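Everything numeric here is computed off the predicted structure, so don't read it as measured data.
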Amino acid sequence: MTKQRRYFGTDGIRGKVGDGAITPDFVLKLGWAVGRVLAKEKNSRVIIGKDTRISGYMFESALQAGLSAAGVDIYLLGPMPTPAVAYLTRTFHAQAGIVISASHNPYHDNGIKFFSAEGTKLPDNIEHEIEAMLDQPLKTVDSTRLGKAHRIADAPGRYIEFCKSTIPSGVDLDGLKIVVDCANGATYHVAPDVFRELGADVVVMGAEPDGFNINQHCGSTEPRLLQQAVLENKADLGLALDGDGDRIIMVDHRGEIVDGDELLFIIARARQRNGDKSSNIVGTQMSNLGLEHALAKFNLLLHRAQVGDRYVMEKLKQVGGLIGGEASGHIICLDKTSTGDGIVAALQVLAEIRQTGDNLHALRSVVTKYPQQLINVKVSKMVDIADNQDIASAVASVEKRLGDEGRVLLRPSGTEPVIRVMVEGRDATLTKKLAQELADIIQAVLDA
């Protein structure tokens with residue numbers, strides 16, 4: 001049984017600034033602990049990047065102090081996308097990469113997440129070692145061994161060139177008009193240049209960060225203004241990144257949202273069309289059944305992981321797949337990079353548009369999304385529903401009525417006393433009705 005982690009969630013440590021672990025004193029100690037665990041070699045180095053929220057300066061200084069006290073050299077990137085930190089950690093042969101970001105959360109939250117020397121998320125055993133080290137007293141190395149800080153001035157240019165290298169040679173974006181929403185986040189100074197340098201006519205949004213406006217009415221979680229901008233500018237498409245640049249949502253020329261499930265399908269088909277022999281694609285428990293059925297038409301198999309990019313990555317390794325992702329737009333292309341990357345994923349879709357001659361709307365239209373109904377059932381305390389026969393019987397009854405054109409998913413929340421009931425089916429009215437019936441039964445059983 002996996003040991004419970006005290007601080008680390010599925011994507012590092014995250015919370016409201018000033019609360020719990022998201023404080024300068026804790027982050028200083030965390031930097032020291034990371035230095036002790038991950039950087040045991042002589043001349044160890046750690047890369048640090050951040051997004052644009054105002055608290056990033058404070059936590060960058062705290063991490064720098066902790067790492068220096070552990071005898072580790074620090075290479076500062078300044079504001080850079082999360083996947084850029086993963087890439088630069090590899091290219092600089094650093095022992096670890098650290099990102100100061102709360103991703104798509106508002107400015108008053110922040111977090112710390114880590115990459116290994118290979119540019120991948122830390123394994124559980126390393127996170128346990130770091131948490132154990134946090135219990136030890138902080139001891140500063142001798143002054144002759146203190147870590148030194150360096151700034152990598154050309155980090156944006158390095159990452160821009162890497163992104164451009166991920167599409168086939170000879171493919172450019174000449175003639176495409178694209179609206180790019182940077183969410184006032186970490187991609188503001190790199191994403192527009194990537195697409196411009198490949199030939200696109202770029203209209204930029206959300207590229208004026210002030211420390212407070214990250215993800216505010218913009219980005220992948222709020223694409224409404226992007227939809228309007230695509231129509232107003234008569235653009236071919238729009239793309240919205242999130243605050244740290246690891247997610248992507250697109251908008252077609254009709255102003256319709258193209259989510260991560262549909263983008264995943266387009267990229268999977270592109271790989272197949274270009275000769276990739278792997279038929280294993282990874283989604284999550286929440287991936288739409290329409291995606292699974294669309295992939296099956298082309299003999300591509302959808303494997304479902306738990307929700308979270310960490311679990312998508314684990315499943316990709318298990319099944320030998322290269323392409324995986326979530327409806328939220330977190331898409332992993334392991335044949336191009338080591339983690340989810342919004343810019344790289346967008347480029348794979350744009351390359352498919354150029355190579356096929358189809359527009360985004362036509363490419364996404366192959367996937368027929370099924371209506372999903374999600375109901376949160378509040379319970380007095382968290383309970384194990386896996387062995388409850390009454391609930392199992394109710395689920396079986398709903399599944400029988402849906403047949404091959406629907407599915408049921410029950411997910412206990414990991415943070416609150418709630419059971420999430422999701423029913424998906426071709427018929428929206430029936431789906432809503434069955435979800436409510438199942439939620440009522442679960443509520444009655446658990447309240448009894």
Gln355 side-chain N/O to Glu352 backbone N/O, donor-acceptor pair under 3.5 Å: no
Could you measure the distance from the CG atom of Leu77 to the CZ atom of Arg151? Nearest 0.5 Å is fine. 8.5 Å
Only distances under 3.5 Å count here; give the side-chain donor-acceptor pairs of residues 47-55 to other protein atoms, sequence neighbours excluded, each with its distance to 0.1 Å.
residue: Lys50; atom: NZ; partner: Glu60; partner atom: OE1; Å: 3.3
residue: Asp51; atom: OD1; partner: Arg53; partner atom: N; Å: 3.1
residue: Asp51; atom: OD1; partner: Arg53; partner atom: NE; Å: 3.1
residue: Asp51; atom: OD2; partner: Arg53; partner atom: NE; Å: 2.9
residue: Asp51; atom: OD2; partner: Arg53; partner atom: NH2; Å: 3.1
residue: Asp51; atom: OD2; partner: Ser101; partner atom: OG; Å: 2.7
residue: Thr52; atom: OG1; partner: Asn184; partner atom: O; Å: 2.7
residue: Arg53; atom: NH1; partner: Asn105; partner atom: O; Å: 3.3
residue: Arg53; atom: NH1; partner: Pro106; partner atom: O; Å: 2.7
residue: Arg53; atom: NH1; partner: Asp109; partner atom: O; Å: 2.9
residue: Arg53; atom: NH2; partner: Ser103; partner atom: O; Å: 3.2
residue: Arg53; atom: NH2; partner: Asn105; partner atom: O; Å: 3.4
residue: Ser55; atom: OG; partner: Asn110; partner atom: ND2; Å: 2.7

The reported gap from CD1 in Ile152 to CD1 in Ile74 (rounded to nearest 0.5 angstrom) is 11.5 Å
For the backbone of Leu291 and the side chain of Asp261, can you confirm whether one donor and one acceptor N or O come within less than 3.5 Å of each other? no
Quick one: closest heavy-atom pair of Leu173 and Arg354, and the distance? C-NH1, 3.1 Å
Please state whether the rings of Tyr75 and Phe92 are parallel, tilted or perpendicular, taking 30° and 60° as the class boundaries. tilted
Quick one: are Ile126 and His128 in side-chain contact, heavy atoms under 4.5 Å? no
Full working for side-chain contact (heavy atoms from CB on, under 4.5 Å) between Ile332 and Leu316: CA-CA 9 Å; Ile332 302 170; Leu316 281 170; 4.1 Å; yes
Less than 4.0 Å between a side-chain N and a carboxylate O, is that true for Asp244 and Lys113? yes
When you measure from the side chain of Glu262 to the backbone of Val367, do you find a donor-acceptor pair of N or O atoms at a distance under 3.5 Å? no
Other residues, nucleotides and ligands only: do more than 12 of their heavy atoms fall within 6.0 Å of CD on Gln228? yes
Salt bridge check: are Arg407 and Glu292 linked by an N-O gap of less than 4.0 Å? no
Would you say that more than 12 heavy atoms from the other residues, nucleotides or ligands in this model lie under 6.0 Å from the OH of Tyr57, or not? no
Check for a donor-acceptor pair, side chain of Asn213 on one end and backbone N or O of Glu208 on the other, with a separation under 3.5 Å. yes
Quick check for you: to the nearest 0.5 Å, what is the distance between Gln285 atom CD and Tyr311 atom OH? 10.5 Å
Please tell me if the side chains of Leu134 and Trp32 come closer than 4.5 Å, counting only heavy atoms from C-beta onward. no
Quick one, Val179 and Val202 - any side-chain contact, counting heavy atoms below 4.5 Å? no
In sequence, state the C-alpha distance, the side-chain angles, and the governing distance for His293 and Tyr370, and then conclude on ring-ring contact (aromatic ring centres under 6.0 Å, His included). CA-CA 10 Å; His293 287 179; Tyr370 286 20; 5.5 Å; yes
Taking the side chain as every heavy atom from C-beta outward, state whether Leu410 and Val377 have any pair of such atoms under 4.5 Å apart. no
For the student: nearest non-hydrogen atoms of Pro81 and Ala186, plus distance: CD-O, 3.5 Å
Exercise: do Gln272 and Arg269 side chains pair donor with acceptor under 3.5 Å: yes
Heavy-atom nearest pair, Arg90 first then Ser338, reads NH1-OG, 2.8 Å
Main-chain N/O of Val344 paired with Gln348 side-chain donor or acceptor, under 3.5 Å: yes
Given side chains that start at C-beta, do those of Ser328 and Ser220 come closer than 4.5 Å, heavy atoms only? no
Residue pair Leu138 / Thr140, side-chain heavy-atom distance below 4.5 Å: yes
Between the main-chain N or O of Val307 and the side-chain N or O of Thr284, is there a donor-acceptor pair closer than 3.5 Å? no
If you round to the nearest 0.5 Å, how far is CG of Asn280 from OG of Ser278? 4.5 Å
Tell me, with the steps shown, if Ile248 and Ile343 meet side-chain contact (heavy atoms from CB on, under 4.5 Å). CA-CA 7 Å; Ile248 180 71; Ile343 296 175; over 6 Å; no
If we only count heavy atoms from C-beta on, is the Leu301 to Leu295 side-chain gap below 4.5 Å? no
Show your working on side-chain hydrogen bond (donor to acceptor under 3.5 Å, both in side chains) between Glu118 and Thr120 and close with a plain yes or no. CA-CA 6 Å; Glu118 292 75 36; Thr120 59; 4.7 Å; no
In short, His253 meets Ala235 closest at the heavy-atom pair CB-O, 3.7 Å
What verdict does the side-chain contact (heavy atoms from CB on, under 4.5 Å) test give for Glu127 and Glu131, after you've listed the backbone C-alpha separation in whole Å, the side-chain angles of each residue and the deciding distance to 0.1 Å? CA-CA 6 Å; Glu127 291 184 349; Glu131 291 200 346; 5.6 Å; no
What I want to find out is whether Lys29 reaches Asp135 closely enough, with some N-O distance under 4.0 Å, to be called a salt bridge. no
Mark yes or no for whether Asp236, through its side chain, and Lys177, through its backbone, hold a donor-acceptor pair below 3.5 Å. yes
Evaluate the criterion salt bridge (Lys or Arg N to Asp or Glu O under 4.0 Å) for residue pair Arg364 and Glu256; output intermediate values, then yes/no. CA-CA 10 Å; Arg364 62 83 63 96; Glu256 297 174 1; 3.4 Å; yes
Mind listing the closest non-hydrogen atom pair of Ala191 and Leu241 along with its distance? CB-CD1, 3.8 Å
Please lay out, stage by stage, how Glu161 and Lys164 fare under the test salt bridge (Lys or Arg N to Asp or Glu O under 4.0 Å). CA-CA 5 Å; Glu161 290 305 310; Lys164 288 159 54 181; 3.0 Å; yes
Determine yes or no for a side-chain-to-main-chain donor-acceptor pair under 3.5 angstrom, with Arg247 supplying the side chain and Thr221 the backbone. no
Quick one: do Asp124 and Arg310 make a salt bridge, cutoff under 4.0 Å? yes
Going by the angle between their ring planes, with limits at 30° and 60°, are Phe26 and Tyr7 parallel, tilted or perpendicular? tilted
If we only count heavy atoms from C-beta on, is the Tyr87 to Thr339 side-chain gap below 4.5 Å? no
Value rounded to 0.5 Å, distance of NE2 in His189 from CG in Asp193: 9.5 Å
If only atom types and distance count, is the side chain of Thr89 paired as donor or acceptor with the main-chain N or O of Val85 below 3.5 Å? yes
Between Asp252 and Val230, what is the shortest heavy-atom contact and its length? O-CG1, 3.5 Å
CA sep, side-chain torsions, deciding dist, call: Asp341, Tyr159, side-chain hydrogen bond (donor to acceptor under 3.5 Å, both in side chains): CA-CA 11 Å; Asp341 189 318; Tyr159 179 60; 2.7 Å; yes
Derivation of the salt bridge (Lys or Arg N to Asp or Glu O under 4.0 Å) call for Lys121 and Asp309: CA-CA 9 Å; Lys121 297 291 175 67; Asp309 60 293; 2.4 Å; yes
Counting only N and O atoms by type, is there a donor-acceptor contact under 3.5 Å from the side chain of Ser68 to the main-chain atoms of Ala65? no
Please report the interatomic distance CG(Leu322) to CD1(Ile267), rounded to the nearest 0.5 Å. 12.0 Å
